[in-house]
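Here's the structure, in structure tokens; my notes come after.
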Amino acid sequence: MDKLRLGINIDHVATVRNARGGDNPCPVRAAQMAKDAGADGITAHLREDRRHIKDHDIERLRHEIDLPLNLEMAMTEEMLTIALKARPHAVCIVPEKREEVTTEGGLDAVRYEKMLKPFVEKLQQNGSRVSLFIDANPEQIHAAQRIGARVIEIHTGRYCHLLGKARHDELALISESAMLGRALGLEIHAGHGLSYENVGPVAAIPEIVELNIGHFLIGEAIFTGLDEAIRAMRAAMDKARHA
Ligand code: PXP
């Protein structure tokens, strides 16, 4: 089974910083701490409204942190220009609505296939590995493959919010989607809403090779510290993976 990588999303360190302005707490320091705790990558979402991560954070994460940077962004000309210049290791294309609290659903790769194809091509030719953040849906996965993305990140938000049989059914969809994506030659990632309580069954899906986790860990860090929170998440992932 492939190793399961852990990408730490440090957006909400910036959310707390921005609540008061100034420099503290610093998301770059959090990224360094994540590295020391064993993270395999850093994820940051540069939103149109810059509500958490700002342009200078991306610059610093790119140059000061010795871990692959996964830049989450919407499919806009502004973001394309920034990503082509910053050349992060990876770009994850997400849908973005200004009024949403967080990314509410996957990208509609079927609907935007024609626009996504050249967008993804430019980024990949520039050296960034592109993933599409999509729901666990076969039509979306086939579209991602036609578009030419090398990776899909499966949205686990619904799974995390559901309970009982509904959660079980959503997990089955995620697992089937991961199998389909892998059979189509895509690398499979997953993320959104993951916590100690719900990460196990997702981590156990053998086709998934990377999880991106943020909000829960930054919240947990208030109580235990970021280092311990990340190590505990890694342990939960590893335990499920090798069970
Ligand atoms: N993956 C993607 C594509 C996301 O947009 C987010 C949230 O920014 C995450 C993973 C992490 O989600 P959470 O903060 O709920 O762990």
Side-chain angles (χ1 to χ4, degrees), residues 4-16 18 27 30-31 34 39-54 57-58 61 68-76 79 83 88-98 100-109 116 120 123 128-136 140 144 149 151-162 174 177-178 181 186-200 202-203 208-222 226 229-230 232-234 236-237:
L4 184 57
R5 301 191 300 262
L6 173 58
I8 301 296
N9 181 316
I10 42 83
D11 290 350
H12 296 302
V13 178
T15 303
V16 177
N18 298 352
D40 300 293
I42 299 298
T43 291
H45 185 175
L46 187 67
R47 294 188 79 103
E48 184 197 14
D49 62 9
R50 310 299 198 268
R51 71 175 72 156
H52 37 59
I53 291 297
K54 296 182 186 290
D57 295 320
I58 296 296
L61 289 167
L69 174 64
N70 175 34
L71 170 62
E72 293 178 359
M73 60 178 225
M75 182 183 48
T76 65
M79 289 300 153
H89 167 79
V91 171
C92 179
I93 303 177
V94 300
E96 201 172 294
K97 288 189 228 134
R98 196 174 292 202
E100 71 191 354
V101 176
T102 182
T103 313
E104 286 166 354
L107 188 69
D108 193 341
L116 278 163
V120 167
L123 289 163
S128 296
R129 186 206 63 195
V130 178
S131 67
L132 302 184
F133 187 47
I134 57 177
D135 291 330
Q140 296 294 336
V151 181
I152 54 169
E153 180 164 327
I154 300 176
H155 196 309
T156 51
R158 256 177 67 75
Y159 154 80
C160 294
H161 285 122
L162 292 170
I174 293 172
S177 299
L186 298 163
E187 184 173 308
I188 316 296
H189 301 178
H192 211 283
L194 295 171
S195 67
Y196 299 149
E197 179 268 325
N198 58 34
V199 76
V202 178
I208 295 178
V209 296
E210 180 175 311
L211 299 181
N212 283 298
I213 308 180
H215 182 264
F216 173 81
L217 289 176
I218 304 306
E220 199 60 16
I222 294 168
L226 187 58
I230 291 171
M233 182 59 80
R234 166 73 79 192
M237 285 162 52

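Counting starts at 1 for both ligands and their atoms, in listed order. These numbers were taken from a predicted model, which means no experiment stands behind them.
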Tell me, do V13 and L226 make a side-chain contact under 4.5 Å, heavy atoms counted?
-> no

Between Y159 and G193, is there a donor-acceptor pair closer than 3.5 Å when you use the side chain of the first and the backbone of the second?
-> no

Can an N or O of N212 be found at a distance shorter than 3.5 Å from an N or O of ligand 1?
-> no

By number and element, which atoms of ligand 1 are closer than 4.0 Å to a non-hydrogen atom of H215?
-> 13 (P), 14 (O), 16 (O)

Could you check whether the rings of H155 and F133 sit parallel, tilted or perpendicular, using 30° and 60° as the cut-offs?
-> parallel

Under a 4.0 Å heavy-atom limit, does H12 contact ligand 1 with its side chain, its backbone, both, or neither?
-> neither

May I ask you to list the atoms of ligand 1 that are less than 4.0 angstrom from any heavy atom of N9?
-> 7 (C), 8 (O)

Counting from 1 in the order shown, the ligand 1 atoms closer than 4.0 Å to a non-hydrogen atom of G193 are 12 (O), 13 (P), 15 (O), 16 (O)

For F133, take its heavy atoms, then give the atoms of ligand 1 lying under 4.0 Å from any of them.
-> 2 (C), 3 (C)

At under 4.0 Å between heavy atoms, what of E72 touches ligand 1? The answer is side chain

Could you check if a side-chain atom of T43 sits within less than 4.5 angstrom of a side-chain atom of D11, using non-hydrogen atoms only?
-> no

Atoms of ligand 1 less than 4.0 Å from I213 heavy atoms?
-> 16 (O)

Under 3.5 Å donor-acceptor, S128 side chain and P88 backbone | yes

Which ligand 1 atoms does G214 reach within 4.0 Å, using its non-hydrogen atoms?
-> 13 (P), 14 (O), 16 (O)

Where ligand 1 meets V94 - atom numbers and elements under 4.0 angstrom, heavy-atom basis = 3 (C)

Hey, are the side chains of L116 and L107 touching, using non-hydrogen atoms and a 4.5 Å cut-off?
-> yes

Is it true that a side-chain atom of E72 and a backbone atom of C92 form a donor plus acceptor pair closer than 3.5 Å?
-> no

